[in-house]
Amino acid sequence: SMNPPDENAVEEALRIKESGKADEIIVLSIGGDKAQETIRTALAMGADRGIHIKTDNELEPLAISKIISKITKLIDKLEPEVLVVHGDRSEALAATIAAHENNIAIAHLEGGDVTSGGTHDDNIRHAITKLAHLHFPTNNISYKRLLLLGEEKWRVKMYGFTGLDLIKKKDFSKEAE
C-alpha cells in the first residue's frame, strides 16, 4: 500500500494538474513486486501512468548505480520539469542524483528531519537536501535545520507532516476492520 506522504504527494499533483499547471502525472516506484501496489493506488487516485523499476536486491551500491542508469533513461524519454523526492532512502538518493545530473529541478519532502540516534538515513536525507532545489520540511525544527545547512529561505516551505492530514480525514467512528 501507499504511505501517507506519497499519497499526499499524488493528491497535490492531481490538484496541480486540475489547475492546468501540469499535463501528466507519472508515478515512479522502485523495489520488488510489492512496489506495484503503490503504482496501482496512484493510478486509482487519478495518476496517468506508473513506472516500476524492479529490484529485488538490497539497495547496495551496485543496485543504486543501476537505478541511476534506469532513471536517467526515463528522464531522457519523459523530459520532466520537476522530480519530487520523498524521504531518506537509497533509491530516493539514486533518483535525486539522476535528476541532478540531468538538470531537472528537485523538490524534497521531509528534508531536515533527523532519525533518533543518528543513522545512515540521516546522511542520505542530507545528501538529497544538498542536491535539491526546493524543500518541504515536516516541522519547525527541520525548517530551521535546513536553513542552518545553508539552504536559502525562499527555497524552504513549511509543509508539515502529511501523515497527520490522513489521520484527520479518517473516520474513526466506525468499528475497526
Side-chain angles (χ1 to χ4, degrees), residues 1-55 67-113 124-125 128-139 142-143 146 151-171:
S1 68
M2 183 180 289
N3 67 44
D6 291 345
E7 185 174 335
N8 282 339
V10 172
E11 288 176 355
E12 185 61 27
L14 290 169
R15 282 191 285 277
I16 292 169
K17 183 180 176 188
E18 288 170 3
S19 74
K21 295 180 183 174
D23 297 323
E24 184 176 35
I25 299 168
I26 303 169
V27 176
L28 172 67
S29 190
I30 303 168
D33 291 333
K34 191 174 181 180
Q36 292 179 11
E37 292 176 27
T38 299
I39 293 172
R40 282 193 291 274
T41 301
L43 293 171
M45 292 172 69
D48 299 298
R49 287 195 284 163
I51 298 171
H52 179 211
I53 295 180
K54 186 173 181 176
T55 176
I67 292 169
I68 292 170
S69 176
K70 289 179 180 182
I71 291 177
T72 297
K73 290 174 185 171
L74 284 171
I75 287 170
D76 288 344
K77 180 180 177 182
L78 301 173
E79 299 179 348
E81 293 179 22
V82 177
L83 175 74
V84 178
V85 180
H86 166 239
D88 55 14
R89 295 178 42 124
S90 297
E91 62 270 25
L93 178 60
T96 301
I97 291 169
H100 179 267
E101 293 302 314
N102 284 281
N103 296 312
I104 306 298
I106 302 160
H108 184 205
L109 307 178
E110 298 188 8
D113 287 356
I124 292 172
R125 185 183 307 107
I128 293 169
T129 291
K130 296 315 292 179
L131 294 173
H133 302 89
L134 301 170
H135 310 275
F136 299 94
T138 61
N139 59 69
S142 295
Y143 177 91
L146 289 168
E151 301 308 318
E152 297 172 278
K153 191 173 185 174
W154 71 270
R155 294 180 181 269
V156 183
K157 170 112 172 94
M158 176 58 72
Y159 192 70
F161 182 61
T162 56
L164 294 177
D165 295 331
L166 294 176
I167 291 169
K168 189 176 177 181
K169 291 179 195 176
K170 177 84 173 149
D171 181 0

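Counting from 1, the numbers follow the sequence of the chain as shown.
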Atom pair [atom1] ([X]) and [atom2] ([Y]), whose distance is rounded to the nearest 0.5 Å:
X      : Y      : atom1 : atom2 : answer
His100 : Asn103 : NE2   : CG    : 8.0 Å
Ile16  : Ile25  : CD1   : CD1   : 8.0 Å
Thr138 : Met158 : OG1   : CE    : 7.0 Å
His52  : Asp33  : NE2   : CG    : 6.5 Å
His108 : Thr96  : NE2   : OG1   : 6.5 Å
Ile51  : Leu28  : CD1   : CG    : 6.5 Å

Which atoms form the tightest heavy-atom contact between [X] and [Y], and what is the distance?
X      : Y      : value
Val10  : Met45  : CG1-CE, 3.8 Å
Ser142 : Gly111 : CB-O, 3.8 Å
Gly112 : Leu146 : N-CD2, 3.6 Å
Leu14  : Ala47  : CD2-N, 4.1 Å

Between Leu43 and Val27, is a side chain to side chain contact (heavy atoms under 4.5 Å, CB included) present by the stated rule, with each step listed?
-> CA-CA 8 Å; Leu43 293 171; Val27 176; over 6 Å; no

Between [X] and [Y] (side chain of the first, backbone of the second, donor and acceptor by atom type, cut-off under 3.5 Å), is there such a pair?
X      : Y      : result
His133 : Ile106 : yes
Asp48  : Ile26  : no
Ser29  : Ile39  : no

Can you check whether [X] reaches [Y] side chain to side chain, under 4.5 Å on heavy atoms?
X      : Y      : answer
His135 : Thr129 : yes
Glu110 : Asp88  : no
Lys130 : Glu151 : yes
Lys54  : Gln36  : no
Leu134 : Lys157 : no

Hey, is Lys34 close enough to Glu37 for a salt bridge, meaning N to O under 4.0 Å?
-> no

Residue from Ile124, Ile53, Ile67 passing side chain to side chain contact (heavy atoms under 4.5 Å, CB included) with Glu91 = Ile67

Extract all donor-acceptor atom pairs below 3.5 Å that involve side chains of residues 70-79 and protein atoms in other chains or at least two apart in sequence.
{"unit_1": "Thr72", "atom_1": "OG1", "unit_2": "Ile68", "atom_2": "O", "d": "2.8"}

